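Since the structure comes first, as structure tokens, the remarks are kept for the end.
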There are 2 protein chains.
Amino acid sequence: MSTTGVVRAGSERREEILAIAAELFAERGFAATTVREIADSAGILSGSLYHHFDSKESMVEELLRTFLEDITHAYRVEAASGDDPVQVLRTLVRLAFESIGARWATVSVMVNEYNLLISYPRFSFVQDLSEETERLWVGVIERGVRSGAFRGNLDPRMTYRFLRDAIWVSVRWYQPTGRDRPEDIADVYVGVLLDGIAN
Amino acid sequence: MSTTGVVRAGSERREEILAIAAELFAERGFAATTVREIADSAGILSGSLYHHFDSKESMVEELLRTFLEDITHAYRVEAASGDDPVQVLRTLVRLAFESIGARWATVSVMVNEYNLLISYPRFSFVQDLSEETERLWVGVIERGVRSGAFRGNLDPRMTYRFLRDAIWVSVRWYQPTGRDRPEDIADVYVGVLLDGIAN
DNA sequence: GTCTATATTGAGATAGAC
DNA sequence: GTCTATCTCAATATAGAC
């Protein structure tokens with residue numbers, strides 16, 4: 001797509017700077033990252049950043065909005081696929097881990113800054129899309145309980161949170177450049193979740 | 001203990017302020033919390049904080065050091081108990097959830113600020129004690145694999161991380177004042193981990 | 001699209017009176 | 001143990017030249 005001549009809202013330079021900002025936000029935290037550090041890493045002066053972005057906040061907003069809209073869309077499509085719940089759950093987990101592989105820094109920011117960001121009206125979309133995701137995943141687990149694929153005494157909401165938390169917080173130790181492919185990790189997680197670790 | 005006349009390093013007022021700071025660090029993040037906000041919540045002026053503490057950093061250091069030393073000690077004792085691995089693992093998970101129940105704010109700070117803090121030499125103890133914890137827990141899982149209690153094809157380190165992440169990140173939604181007791185949540189988590197959710 | 005130069009604000013921290 | 005008063009620095013952001 002980037003090779004077409006189509007006029008786009010985000011220039012390549014803008015995307016480049018956004019990626020740099022995401023890395024810094026992920027490593028040091030949003031509040032602890034200064035616009036000067038972002039500018040330094042991009043090889044420009046801090047004032048020049050404001051040619052591309054209104055503010056530091058608007059950078060993180062753009063990162064999270066794009067990411068959350070994309071992944072929520074993917075969840076929606078998969079949840080509506082009508083496949084059996086075990087398979088759908090496996091695919092949802094894979095989608096999540098693939099998103100970590102593709103956009104590690106942005107996911108880290110979302111995970112690490114979630115509580116801070118949702119306290120600002122500007123970031124209400126974060127909570128809205130997270131809640132839609134919860135409904136989609138819990139729906140799949142409930143379908144699995146009804147179909148008999150999952151245990152009848154399962155608490156779908158707590159099970160979802162257990163899995164969600166374990167997935168997202170793995171950004172803390174997951175190395176996108178390492179030898180573990182996202183889909184392999186996803187399968188380990190789903191394996192543990194489905195059958196447990198007991199003999 | 002607080003009713004004795006024994007002279008202690010930490011005055012009650014100091015502990016009170018520390019608890020207030022922990023709540024704010026947990027809710028808004030360490031970097032985003034100002035000393036003025038801490039002072040306001042404590043009903044004093046910002047300058048007065050420095051009668052009790054050297055700096056904002058020393059507040060979070062004291063919170064984390066006390067917490068990590070306490071819980072690591074508890075893990076050590078349990079890991080050395082010689083009970084069967086399933087029981088030890090269950091107790092370790094309960095200890096973790098009980099610590100969330102008892103010191104929710106401090107645990108939140110540790111989870112949320114982990115990556116930021118370990119980048120400063122001053123907080124190297126955080127990483128040291130975390131690594132000791134990992135060795136203890138992984139050791140228990142390995143013992144379980146050898147004894148046949150856990151599956152032979154298990155990756156002990158990845159299993160530990162899966163469980164650790166799921167536990168700690170639950171501070172994001174766990175309400176210490178809610179109706180779920182820490183040990184009940186711990187048992188749900190261990191139940192899922194041991195036997196999975198599949199029928 | 002970037003630079004120079006700077007405005008403006010708010011942060012952490014300090015000294016000494018009470 | 002807290003307050004008054006203030007220092008100092010670093011942060012975000014702006015305006016206009018190039």
Side-chain angles (χ1 to χ4, degrees), chain A residues 2 5 7-64 109 112-113 116-117 119-123, chain B residues 2 5 7-64 109 112-113 116-117 119-123:
Chain A
S2 58
V7 174
R8 302 184 314 139
S11 71
E12 281 184 25
R13 186 63 176 135
R14 182 191 176 85
E15 297 303 313
E16 207 176 330
I17 293 171
L18 212 43
I20 288 166
E23 292 286 334
L24 290 169
F25 293 156
E27 283 163 23
R28 313 171 54 79
F30 175 70
T33 302
T34 69
V35 292
R36 276 180 180 73
E37 287 170 331
I38 299 170
D40 281 354
S41 297
I44 57 177
L45 292 186
S46 64
S48 306
L49 279 181
Y50 292 84
H51 172 75
H52 302 279
F53 303 95
D54 287 343
S55 65
K56 195 172 83 161
E57 270 194 9
S58 75
M59 292 187 205
V60 78
E61 178 181 342
E62 187 167 328
L63 282 170
L64 293 194
V109 176
N112 294 330
E113 313 290 345
L116 175 66
L117 295 178
S119 68
Y120 298 101
R122 166 170 204 170
F123 291 95
Chain B
S2 59
V7 174
R8 300 184 315 141
S11 70
E12 282 184 25
R13 185 64 174 135
R14 183 191 175 84
E15 297 304 312
E16 206 177 331
I17 293 170
L18 211 44
I20 287 165
E23 292 285 334
L24 289 169
F25 294 157
E27 283 163 24
R28 312 172 55 80
F30 175 71
T33 302
T34 69
V35 293
R36 279 178 178 76
E37 287 170 330
I38 299 170
D40 282 354
S41 296
I44 58 178
L45 291 188
S46 66
S48 307
L49 279 180
Y50 291 83
H51 172 76
H52 302 279
F53 302 95
D54 286 343
S55 65
K56 195 172 84 162
E57 270 193 10
S58 74
M59 292 187 205
V60 78
E61 179 181 340
E62 186 166 329
L63 283 170
L64 294 194
V109 175
N112 294 329
E113 312 290 345
L116 175 65
L117 295 178
S119 70
Y120 298 100
R122 167 171 204 168
F123 292 96

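If you're wondering where the values come from, they're calculated on a predicted model, not measured in any experiment. We name chains A, B, ... by the order of the sequence lines, and we start the count at 1 in each one.
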ring-ring contact (aromatic ring centres under 6.0 Å, His included) partners of residues 35-59 of chain A, not counting sequence neighbours, each pair once: none
Partner set under salt bridge (charged side-chain N to carboxylate O under 4.0 Å, His left out) for A/E62, not counting sequence neighbours: A/R14
A/F25 side chain near A/I38 side chain, heavy-atom distance below 4.5 Å: yes
4.5 Å side-chain heavy-atom contact, A/R13 and A/I17: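 In contact.
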Residue pairs, two or more places apart or on separate chains, that pass salt bridge (Lys or Arg N to Asp or Glu O under 4.0 Å) and touch residues 31-44 of chain B: B/R28-B/E37
Interface residues of residues 21-28 of chain B with DNA chain D (non-hydrogen, below 4.0 angstrom): none
Of residues 29-38 of chain B, the positions that come close to DNA chain C - non-hydrogen atoms, cut-off under 4.0 Å: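 Heavy-atom cutoff 4.0 Å gives B/T33, B/T34, B/V35, B/R36.
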For [X] versus [Y], what's the shortest heavy-atom pair and its separation?
{"X": "A/S55", "Y": "A/R122", "result": "OG-NH1, 4.1 Å"}
{"X": "B/L24", "Y": "B/T33", "result": "O-OG1, 3.2 Å"}
{"X": "A/A31", "Y": "B/A31", "result": "CB-CB, 3.7 Å"}

Rounded distance [0.5 Å steps], OH in B/Y120 versus CD in B/E61: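 Output value for this atom pair is 13.5 Å.
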Rounded distance (Å) that lies between atom P of D/dA13 and atom NE2 of A/H52: 15 Å
Interatomic distance, A/D54 CG vs D/dA15 C1' [rounded to whole Å]: 16 Å
Of B/R13 and B/S46, the one whose closest DNA chain D nucleotide lies more 5':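 Result: B/R13.
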Touch class at under 4.0 angstrom, heavy-atom based, for A/I44 against every strand present: sugar-phosphate
Boundaries of the chain B footprint along DNA chain C (any atom under 4.0 Å from a heavy atom):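 Answer, 5' to 3': C/dA11 to C/dT14.
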Candidates B/I20, B/D54, B/L18 - the one meeting side-chain contact (heavy atoms from CB on, under 4.5 Å) with B/M59: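 It is B/L18; the other options fail the test.
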